[in-house]
Amino acid sequence: MGKVKEERVKVRIIEAAGSNFCVAACDGQKVHDIIANSFRKNRKVELSFAENDELTPAFLNSAVGQLYGTFPAELIEKNLSFTDLDPEDEAVLKRVMERAKGYFEHAYSCRKALRDVIGGEDA
C-alpha cells in the first residue's frame with residue numbers, strides 16, 4: 001500500500017446504501033466496497049451519515065468492521081473519517097471498530113499459531 005493521497009472521497013451513506021435506513025449487512029457491503037476500492041487507490045475516505053434515520057451494528061460491521069480483515073488498523077484509523085453522526089450512533093460505531101480490530105488481530109495470531117503447529121501456508 002503506497003502513501004495515501006490527500007484526495008478525499010466523500011461517501012454519503014444513504015446514497016451508497018440506497019436507503020436512509022442502514023440496517024442490512026448487504027447494504028453495508030456496498031459501502032465497504034467503496035471504501036476498500038478508495039483505499040486501494042490510496043485515497044482518504046469521509047463517510048457522511050447525513051439524513052440517515054436508522055443505523056445498526058450489522059450494517060456497520062459489514063461497512064467498516066470487515067475493513068480490519070484487509071487493511072492495517074493504522075491505515076483505517078488515519079484515512080477514514082466520519083461526519084454527521086449523532087452521539088449514539090458514534091458510540092455504536094466505536095464499539096464495532098474496536099471489536100473488529102480485536103477480532104482480526106486475534107484471528108491472525110490464531111491462524112499463525114496453527115500454521116506453526118501443523119505447517120502449511122494457511123489454516
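Hydrogens, waters and symmetry mates are skipped; everything else that's a heavy atom, side chains included, is used. In this chain, numbering begins with 1 at the start of the sequence shown.
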> Grab the two heavy atoms, one from Q66 and one from H32, that are nearest each other, plus how far apart they are.
CG-CD2, 3.2 Å
> Under 4.5 Å between side-chain heavy atoms, counting indirect links through other Ile/Leu/Val/Met/Phe/Trp/Tyr residues: same cluster for I13 and V9 or not?
yes
> Can you tell me how far apart NZ (K44) and OG (S38) are? Round to the nearest 0.5 Å.
13.0 Å
> Check the orientation of F39 and F71. Use parallel for under 30°, tilted for 30 to 60°, and perpendicular for over 60°.
perpendicular
> Just wondering, do L55 and L85 contact through their side chains at under 4.5 Å, heavy atoms?
yes
> For a side chain to side chain donor-acceptor pair (under 3.5 Å) check, start with the C-alpha distance between D53 and N20, then their side-chain angles and the critical distance, and finish with the verdict.
CA-CA 6 Å; D53 291 328; N20 59 333; 2.3 Å; yes
> Taking all atoms of both residues into account, what is the closest heavy-atom pair of S48 and D84, and its distance?
OG-OD2, 2.7 Å
> Taking 4.0 angstrom as the limit, do K30 and D27 come out as a salt bridge?
yes
> Indicate, with yes or no, if F21 and F49 share a hydrophobic cluster defined by side-chain heavy-atom contacts under 4.5 Å among Ile, Leu, Val, Met, Phe, Trp and Tyr.
no
> Going by heavy atoms in the side chains, are K41 and E7 under 4.5 Å from each other?
no
> Between Y103 and E98, does the side chain to side chain donor-acceptor pair (under 3.5 Å) criterion hold? Intermediate values first, please.
CA-CA 9 Å; Y103 169 79; E98 286 303 313; over 6 Å; no
> Looking only at heavy atoms, which two atoms of I34 and A16 are closest? And how far apart?
CD1-CB, 3.6 Å
> Mind checking salt bridge (Lys or Arg N to Asp or Glu O under 4.0 Å) for D89 and listing every partner two or more places apart, or none if nothing turns up?
none
> Do L80 and L47 have side chains that get closer than 4.5 Å, going by heavy atoms?
yes
> Return yes if some donor-acceptor pair links the side-chain N/O of S62 with the main-chain N/O of Q29 below 3.5 Å, else return no.
yes
> Identify the two heavy atoms, one from F59 and one from C22, that lie closest to each other, and give their separation to 0.1 Å.
CB-O, 3.3 Å
> Per the side chain to side chain contact (heavy atoms under 4.5 Å, CB included) rule, which among L67, L60, V64, V92 passes with M97?
V64
> Pair I76, I35 - check side-chain contact (heavy atoms from CB on, under 4.5 Å), show working.
CA-CA 10 Å; I76 296 166; I35 297 168; over 6 Å; no
> Which of these, E77, R99, E105, sits in a side chain to side chain contact (heavy atoms under 4.5 Å, CB included) with Y68?
E77
> Looking only at heavy atoms, what is the nearest atom pair of V45 and R8, with distance?
O-NH1, 3.9 Å
